[in-house]
Amino acid sequence: MEENKKRILTGDRTTGRLHLGHYVGSLKTRVELQDEYDTFILLADVQALTTHFNNPELINDSIYQVAMDNLAVGLDPRKVTFVQQSQIASIAELTIFYSMIVTVNQLRHNPTIKTEAKNYGYSDLTYGFLGYPVSQTADITFCNADLVPVGEDQVPHIELSRKIVRKFNDLYGTSITEPEAKLSNVGRLCGLDGNAKMGKSMGNAIYLSDPAEVLTQKVMNAVTDTNRISIKIPGNPDVCTVYTYHKVFNPEESDNICSMCKNAQIGCVACKKLLAKKMNSIFEPIRERRHYYEEHRDEVRALIVAGSEKANGIGDDNLALIKEKMHVTI
Ligand code: TRP
């Protein structure tokens, strides 16, 4: 059965718990596709070191947090394979081979690298940070993944992966699968402060693990149309963060809310309360599942160990073929 299915590999850096930006950008798609695809979820603990090399104890706990977030949203542990990046030797080896054919300019001009470097305040990038899209290419290709569900910030990386794979296959006659990005149909979720991106580094995120009261509080503090100084004047939903959230999480009511806002028939407080209620109803089952895994960390650990072992089998086999083609044998 499994052999006939196409494969997904996607994942997250293990630098903390996941938020609704991750959910909308990729996690939801993972859940929707898990029956159709043989799904691998990578816990990217090596990539986490690109920004958190001086804080490794945070990464260890985050491996569990990220796995639990993925399980909480509804990935079925009997179907998906959890892979701990640092445990997969073939990823590290492939990274080195790929690094011979990717150029520094290709990496330097990557728009996501540029934005992230700016957000983190880096001026002199480490080799590992600049090169993480190369290691990400190894993440995706060690198991010949076909599809990579990701948020739009990751698209430049997948484009680079495709270039690397094509060049590599051309050079050595290998048949590594050229992966394709799969974007969510909702697009990017903005931060609660109206910032274009929700991010854990930006203090504007709702986490999947936030309790209902915290979610409600965050929604109540979100930025709306700043020109609407009184409930009596019409609002402009087009510039309102809360309205963008209604469109994503409350599509059934969003048209109605839009026209009520424009006609000054609903105030921001009532509008936010409606949103928080709807969101809490969506996230309640997710919190319940998360709670189960928080109480059963040993199960989470076993899943990661077994998944990584399976991934190593696949990666080692593929790497042996690749090395043969490259003539790095004896
Ligand atoms: N770069 C991704 C992120 O920051 C995480 C990641 C690592 C990833 N390896 C991957 C995503 C492979 C997709 C495929 O979220």
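Counting convention: from 1, in listed order, for ligands and their atoms alike. Side chains included, hydrogens not; waters and symmetry mates left out as well; all remaining heavy atoms used. Remember, it's a predicted structure, so these values are computed and weren't measured experimentally.
- A parallel orientation is assigned to the rings of Tyr23 and Phe249, their planes being inclined by less than 30° (bins at 30° and 60°).
- Close approach of ligand 1 to Thr10 (heavy-atom distance below 4.0 Å) involves ligand atoms 13 (C), 14 (C).
- The cationic atom of Arg287 (NZ for Lys, CZ for Arg) does not lie both less than 6.0 Å from the six-membered ring centre of Tyr292 and within 45° of the ring axis.
- To the nearest 0.5 angstrom, Gln154 atom CD is 6.5 Å from Thr112 atom OG1.
- Close approach of ligand 1 to Leu42 (heavy-atom distance below 4.0 Å) involves ligand atoms 9 (N).
- Of all the listed residues (Gly11, Ala181, Ala48, Gly151), Gly11 holds the heavy atom that lies closest to atom 15 (O) of ligand 1.
- Of the protein's non-hydrogen atoms, Gln136 OE1, 3.7 Å is the one closest to atom 6 (C) of ligand 1.
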(message) For a side chain to side chain contact (heavy atoms under 4.5 Å, CB included) check, start with the C-alpha distance between Asp146 and Ile8, then their side-chain angles and the critical distance, and finish with the verdict.
(response) CA-CA 6 Å; Asp146 301 277; Ile8 276 179; over 6 Å; no
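- Ion pairing of Arg30 with Asp12 is present here, as a side-chain N (NZ or NE/NH1/NH2) and a carboxylate O approach within less than 4.0 Å.
- Distances below 4.0 Å separate heavy atoms of Val148 from the following atoms of ligand 1: 13 (C), 14 (C).
- Of all atoms in ligand 1, listed by their number and element, those nearer than 4.0 Å to a heavy atom of Ala44 are 7 (C).
- For Asp139, every heavy-atom contact with ligand 1 shorter than 4.0 Å involves the side chain, none the backbone.
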(request) Could you walk me through whether Glu309 and Asn312 pass the side chain to side chain donor-acceptor pair (under 3.5 Å) test, one step at a time? (result) CA-CA 5 Å; Glu309 194 181 319; Asn312 266 324; over 6 Å; no
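- When only interatomic distances are considered, the shortest N/O to N/O separation between Arg13 and ligand 1 falls below 3.5 Å.
- Atoms OG1 and CG, on Thr226 and Asn236 in that order, are 10.0 Å from each other to the nearest 0.5 Å.
- Distance from atom 7 (C) of ligand 1 to its nearest protein heavy atom, with residue and atom name: Gln47 NE2, 3.3 Å.
- Taking every heavy atom of Leu9 and a limit of under 4.0 angstrom, the matching atoms of ligand 1 come to 12 (C), 14 (C).
- On a distance-only criterion, Gln154 and ligand 1 share at least one N/O pair closer than 3.5 Å.
- Short contacts between ligand 1 and Ile140, defined as distances under 4.0 Å to a heavy atom of the residue, involve ligand atoms 12 (C), 14 (C).
- A cation-pi arrangement is not found for Arg301 relative to Tyr64, the charged atom failing to lie both closer than 6.0 Å to the ring centre and inside a 45° cone about the ring normal.
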